[in-house]
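To start, the structure under review is shown below, and the notes come after it.
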Amino acid sequence: MAEKQKSSLHLYNSLSRKKELFEPINPPFVGLYVCGPTVYGDPHLGHARAAITFDIVYRYLKYLGYKVRYVRNITDVGHLENEEAEQGEDKIAKKARLEEIEPMEVVQTYTIKYHEGMDALNCIRPSIEPTASGHILEQIELIEKILENGFAYVVNGSVYFDLMKYRESNDYGTLSGKVLEDLQSGSRDTEGMDEKKSPHDFALWKKANPEHIMRWRSPWSVGFPGWHLECTTMSTKYLGEKFDIHGGGLDLQFPHHEAEIAQCRGAHGHDPVNYWMHNNMVTIDGAKMSKSAGNFINLEELFSGDHEKLDKAYDPMVVRFLMLQSHYRSKIDFSNEALLAAEKGYHRLMNAVDLLNKMEPPINGTGGDADDEIVEACERCRGAMDDDFNTALSLAALFDLSSKINALHNGQLDKDSVSLSAFTTLAKTVNDFVFDIMGLESLSEKDSGKTDELVQLLIEIRAEARERKDFATSDKIRDDLMKIGIRLKDDKSGQTTYEIDA
């Protein structure tokens, strides 16, 4: 392995419930599979949380020098309204029926919208983005293998995974901590329930009712695949029967990911992956995001400000920055207050980066304590990411570096006190982490120029007020600018400069 790949990266494995040293199966190659969206509606904050979480994982693994194959699926069939009970209409088919269009029109429309939303958030697209409907033959082959191994049964054209048989030699529920006997099953009056040997058995293939419009031929019936089967099929097809990392939202641990483990063991005799990763949920003003509660915000509304809970529109980078301020395993609450604070923090950080990249390096710097502080903060950036992708702590270190940048810019820190080596380390670390790893985009030159023009105009108005001895207006301009992070500095000659706090 190259030097960069010799990392001390640890990640939290949901299966073992502890942080583990990351050791890929076949270095420098890494296989990463993430459960993608079911494309029947506009992309929302929940989609964004998962996409940004694993975009960071993807970016950092590549930064460490790994060659990553990132697979994220598109679910375009088989995801029923009541997923745990396997009841109701297919979500995409229902949308097609309501809008009186073809199901694949629904898929195409919302796949494009999903891509547009994730592109706006600067999430790198995966290496492979397979669809469930494009892998029907592979899913049929996987079902045949599970049947052959005795872990499934056929009833009236449907195929179910036999959990009772499976549990004779395997654990079920280890990932989520669920105990089947403790789950309520008697209340599920579901279609096909009387066919099952156990109410907890899940469908691998469902025979389609006459009104079901998404259907394919199989050895058992004209029907459609089970939702859980799709991810097992596509992940192992492109990453192998055992790969490195499987990710998804915390809400997918049960039953989806538990079922994936069972299917893989049932077909191949072993677990599918070494590390399971799960991002936590998003809340709005402290409450679970829900359409019925009126606090469901999709990305288009967030970017346009067109929602009753929003005071204004927010740039996609502000949304990304807010998510990066929390560890991916923590809940994150969206509110106007949180978004405004994130907006301020994002602007401070990016202004510092702009100052850094316009700064002349200290050719004759001798170094000293400032060098040590810069190097230590740079090491904290890396150390935080090595500790289970802790973007929050890494951002904190970047803000410490931003303070050094501002101090160099305004003369509080003499350039001669920073060596060229430390300055080079500072510049590389800040640019690598802000752009390549955090995936943030710089403020546009137009916006930066406007900010400078407006501040200079206020400085002129303040100077005129001081000449008139209107110190109340002068102080108000200074104090109001201070409130938004712009600090005015008057020198002995009467000239006024400004800096933006970081």
Side-chain angles (χ1 to χ4, degrees), residues 2-5 7 9 52 55-66 68 119 121-124 315-318 320-325 342-363 365 367 370-387 389-410 413 415 418-449 451-452 485 499-502:
E3 184 64 27
K4 265 192 171 183
Q5 295 160 12
S7 76
L9 173 63
I52 290 172
D55 183 59
I56 292 293
V57 171
Y58 182 36
R59 285 172 179 272
Y60 192 60
L61 287 171
K62 291 202 303 177
Y63 172 79
L64 294 177
Y66 292 110
V68 187
D119 289 348
L121 292 165
N122 201 30
C123 293
I124 300 171
D315 188 279
M317 285 301 99
V318 172
R320 185 179 180 101
F321 186 87
L322 177 55
M323 292 201 179
L324 295 177
Q325 286 182 302
E343 185 175 58
K344 185 176 178 181
Y346 165 67
H347 280 267
R348 286 182 178 182
L349 178 62
M350 301 315 296
N351 275 308
V353 176
D354 287 344
L355 289 175
L356 171 66
N357 291 331
K358 293 173 184 174
M359 200 176 288
E360 291 293 328
I363 303 299
D371 272 22
D372 294 339
E373 291 169 2
I374 287 170
V375 171
E376 186 272 337
C378 289
E379 289 174 349
R380 279 193 284 123
C381 284
R382 171 74 175 263
M385 291 301 293
D386 278 344
D387 185 13
F389 308 97
N390 196 327
T391 55
L393 288 181
S394 191
L395 274 178
L398 286 171
F399 273 107
D400 287 345
L401 292 172
S402 297
S403 296
K404 296 296 183 189
I405 294 166
N406 280 295
L408 284 168
H409 172 70
N410 61 35
L413 181 61
K415 275 193 176 181
V418 177
S419 69
L420 178 59
S421 173
F423 184 86
T424 302
T425 299
L426 166 66
K428 178 169 173 50
T429 299
V430 168
N431 282 285
D432 283 353
F433 274 78
V434 169
F435 298 120
D436 296 342
I437 296 171
M438 298 297 177
L440 295 169
E441 295 176 324
S442 62
L443 298 166
S444 70
E445 290 183 10
K446 181 178 178 182
D447 288 345
S448 297
T451 298
D452 185 64
E499 65 179 12
I500 299 176
D501 291 339

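- Residues Asp372 and Glu376 are not in side-chain contact: their nearest non-hydrogen atoms beyond the backbone lie 4.5 Å or more apart.
- In plain terms, the two heavy atoms of Asp371 and Ala422 that are nearest each other are OD1-CB, 3.2 Å.
- Rounding to the nearest 0.5 Å places CZ of Phe399 at 5.0 Å from CG of Leu349.
- Nearest approach of Leu408 to Met359, heavy atoms of both residues: CB-SD, 4.0 Å.
- Here the shortest heavy-atom pairing between Pro316 and Leu121 reads O-CD2, 3.4 Å.
- Atom CE in Met438 sits 9.5 Å away from atom CZ in Arg320 (nearest 0.5 Å).
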Practice problem: Starting from the C-alpha separation in whole Å, work towards a yes-or-no answer on salt bridge (Lys or Arg N to Asp or Glu O under 4.0 Å) for Lys62 and Asp436. | Solution: CA-CA 9 Å; Lys62 291 202 303 177; Asp436 296 342; over 6 Å; no

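- Of all heavy-atom pairs spanning Tyr63 and Phe433, the tightest one is OH-CE1, 3.9 Å.
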Practice problem: Take Asp55 and Arg59 through the salt bridge (Lys or Arg N to Asp or Glu O under 4.0 Å) test and state the conclusion after the steps. | Solution: CA-CA 6 Å; Asp55 183 59; Arg59 285 172 179 272; 2.8 Å; yes

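- The only option from Asn351, Leu356, Val353 that meets the side chain to side chain contact (heavy atoms under 4.5 Å, CB included) definition with Ile405 turns out to be Leu356.
- Atom CG of residue Leu395 and atom CG of residue Asn390 lie 9.5 Å apart, to the nearest 0.5 angstrom.
- Between the side chain of Asp387 and the main chain of Gly383, no donor-acceptor pair closer than 3.5 Å is present.
- Between Leu393 and Arg380, every side-chain heavy-atom pair lies at or beyond the 4.5 Å cut-off.
- The distance from the CD1 atom of Ile56 to the OG atom of Ser394 is 9.0 Å, given to the nearest 0.5 Å.
- Leu324 and Ile52 make their closest contact through CD2-CG2, 4.2 Å (heavy atoms, listed as atom of the first residue, atom of the second, distance).
- No side-chain heavy atom of Thr424 sits less than 4.5 Å from a side-chain heavy atom of Pro361.
- When all heavy atoms of Pro362 and Ser419 are compared, the closest pair comes out as CG-O, 4.1 Å.
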Exercise. Show your working on salt bridge (Lys or Arg N to Asp or Glu O under 4.0 Å) between Arg382 and Asp386 and close with a plain yes or no.
Key: CA-CA 6 Å; Arg382 171 74 175 263; Asp386 278 344; 3.4 Å; yes

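- For Lys415 (side chain) and Glu360 (main-chain N/O), a donor-acceptor pair under 3.5 Å exists by modelled atom type.
- Using bins of under 30°, 30° to 60° and over 60° for the plane-to-plane angle, the ring pair Phe389/Tyr60 lands in the perpendicular bin.
- Note that the CG atom of Leu413 and the CD atom of Glu373 stand 8.5 Å from one another [nearest 0.5 Å].
- Atoms CG and CD1, on Leu64 and Ile437 in that order, are 7.5 Å from each other to the nearest 0.5 Å.
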